[in-house]
Amino acid sequence: MSLIAAEGLSVSYGDSEVLSGVDFAVEPGEIVTIVGPNGSGKSTLLRALMGAVAPSRGTVRRKPGLRVGYVPQRLSIESTLPMTVRRFMDLPRRGPRDAAETALGRVGVAHLAERQLRGLSGGQLQRVLLARAILNAPEILLLDEPTQGLDQPGSADFYRMIEGLRGDLGCAVVMVSHELHVVMSASDRVVCLNGHVCCQGTPAVVRSAPEYRALFGTGTHGALALYRHDHDHDHGHDHGHDHDADDRESV
Ligand SMILES: Nc1ncnc2c1ncn2[C@@H]1O[C@H](COP(=O)(O)OP(=O)(O)OP(=O)(O)O)[C@@H](O)[C@H]1O
């Protein structure tokens, strides 16, 4: 059984439909990366999977009792607020002390427990957010651009750690990322989103898919092209049909 399955999922904000007809399912233990231009609905898809935004059409089904860990794109508490890492781990409610220590240790930041949150580097803060997300032994981790602001070695470390966590906890991981070259190697499956699913499959399949190349170009592993892509929010364009991994191996 899928952990989460969206079928024909559409989401609108007011009159504006940002996702239309998305079919997307996550199986236990897989690492799926969602790529797409700015404004293509990646964060919205994650939030719809969690149940934080309601579909305007279609359905999202979650396995009953599913434990979800979520790392947001930005920290929503006031970052100038005095607060230690340990205290932050106890929000919104205090858990067993050793659980927090274990989680911090798992992501390599046990030594930061007494430090102030606001004094952490970007990479340290990401790890603390991740530690908090794994406190409830999630079956699925949802990460929204977890390496934003990290340099390339920092990002590569972070993705290695995600793979390690998947191995230790056996959880599935769904993450949004712009760092296509790193992400590609760390993912079992890549979904290219532009209001709808343009193409999906293994990293190798997606990299050679014409729909992906049309969005991201072929140079610089797509990373720079991503930011240059001029997204006009017209989701009505037609790629003919959606593809999945199996019919694209020969491209
Ligand atoms: N709460 C909201 N109310 C109204 N519009 C919203 C809301 N959240 C997102 N949008 C709009 O929906 C569209 C998709 O946003 P979303 O954040 O899902 O895209 P994204 O692919 O994650 O973008 P980015 O790569 O820039 O983070 C954008 O045009 C955005 O402005």
Side-chain angles (χ1 to χ4, degrees), residues 4 6-26 31-60 68-77 79 122 125-126 129-130 133 140-150 152 155 158-159 162 173-184 186-187 189-200 206 209 211-217 220-237 239 242:
I4 303 185
E7 277 172 32
L9 170 68
S10 300
V11 175
S12 299
Y13 295 115
D15 291 340
S16 158
E17 186 169 86
V18 299
L19 290 178
S20 46
V22 172
D23 293 326
F24 179 78
V26 187
I31 298 185
V32 186
T33 299
I34 302 168
V35 299
N38 292 129
S40 59
K42 302 180 298 295
S43 300
T44 300
L45 176 56
L46 280 194
R47 294 172 60 218
L49 295 177
M50 284 195 301
V53 292
S56 50
R57 278 181 289 128
T59 56
V60 177
V68 178
Y70 174 60
V71 176
Q73 194 169 1
R74 283 177 204 88
L75 187 59
S76 57
I77 63 160
S79 61
L125 183 59
Q126 282 307 336
L129 291 175
L130 184 59
I140 183 166
L141 263 178
L142 302 175
L143 312 174
D144 198 347
E145 295 196 46
T147 59
Q148 208 176 36
L150 302 191
Q152 226 177 67
S155 298
F158 192 88
Y159 289 125
I162 295 288
V173 179
V174 178
M175 59 185 161
V176 168
S177 187
H178 278 149
E179 286 154 312
L180 304 182
H181 45 300
V182 190
V183 157
M184 288 289 191
S187 307
R189 191 153 65 89
V190 177
V191 175
C192 179
L193 193 71
N194 195 12
H196 58 281
V197 176
C198 294
C199 57
Q200 63 172 312
V206 168
E211 295 89 345
Y212 174 83
R213 288 174 175 234
L215 281 177
F216 300 126
T220 64
H221 307 280
L224 291 175
L226 184 62
Y227 285 100
R228 291 195 194 120
H229 177 75
D230 187 14
H231 184 230
D232 60 6
H233 294 272
D234 175 8
H235 296 141
H237 62 282
H239 293 306
D242 284 337

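One-based numbering, in listed order, for ligands and for the atoms of each.
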Chemist: Which ligand 1 atoms does T44 reach within 4.0 Å, using its non-hydrogen atoms?
Modeler: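 Selected atoms, number and element: 15 (O), 16 (P), 18 (O).
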Chemist: What I want to know is whether K42 and ligand 1 share at least one N or O pair that is separated by under 3.5 angstrom.
Modeler: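 Indeed, backbone or side chain, K42 has an N or O that close.
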Chemist: Do F24 and L49 come within less than 4.5 Å of each other through their side chains, counting heavy atoms only?
Modeler: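 Side chain of F24 against side chain of L49, heavy atoms only: contact under 4.5 Å found.
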Chemist: Can you tell me if T33 uses its side chain to pair, donor with acceptor, with the backbone of V190 under 3.5 Å?
Modeler: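 Not confirmed, T33 side chain does not pair with V190 backbone.
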Chemist: Which ligand 1 atoms are under 4.0 Å away from a heavy-atom of E145?
Modeler: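 Those atoms are 25 (O), 27 (O).
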Chemist: Can you sort out which atoms of ligand 1 are near P37, meaning under 4.0 Å from one of its heavy atoms?
Modeler: 21 (O)
Chemist: Is there a side-chain contact between S43 and V176 (heavy atoms, below 4.5 Å)?
Modeler: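 They are not in contact (no side-chain heavy atoms under 4.5 Å apart), so the answer is no.
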Chemist: Counting both backbone and side chain atoms, is some N or O of G39 under 3.5 Å from an N or O of ligand 1?
Modeler: yes
Chemist: At a 4.0 Å cut-off, with the gap strictly under it, does some heavy atom of S16 reach an atom of ligand 1?
Modeler: no
Chemist: With a 4.0 Å cut-off on heavy atoms, does S40 reach ligand 1?
Modeler: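 S40 counts as a contact of ligand 1 under the 4.0 Å cut-off.
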Chemist: Would you check if the side chain of S56 reaches a backbone N or O of S10 as a donor-acceptor pair within less than 3.5 Å?
Modeler: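 Present.
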Chemist: One thing to verify: whether E145 and K42 come together as a salt bridge, which I'm taking to mean a side-chain N less than 4.0 angstrom from a carboxylate O.
Modeler: no
Chemist: Would you check if V60 and M50 make a side-chain contact, meaning some heavy-atom pair closer than 4.5 Å?
Modeler: no
Chemist: Indicate yes or no: does an N/O atom of G41 lie under 3.5 Å from an N/O atom of ligand 1?
Modeler: yes
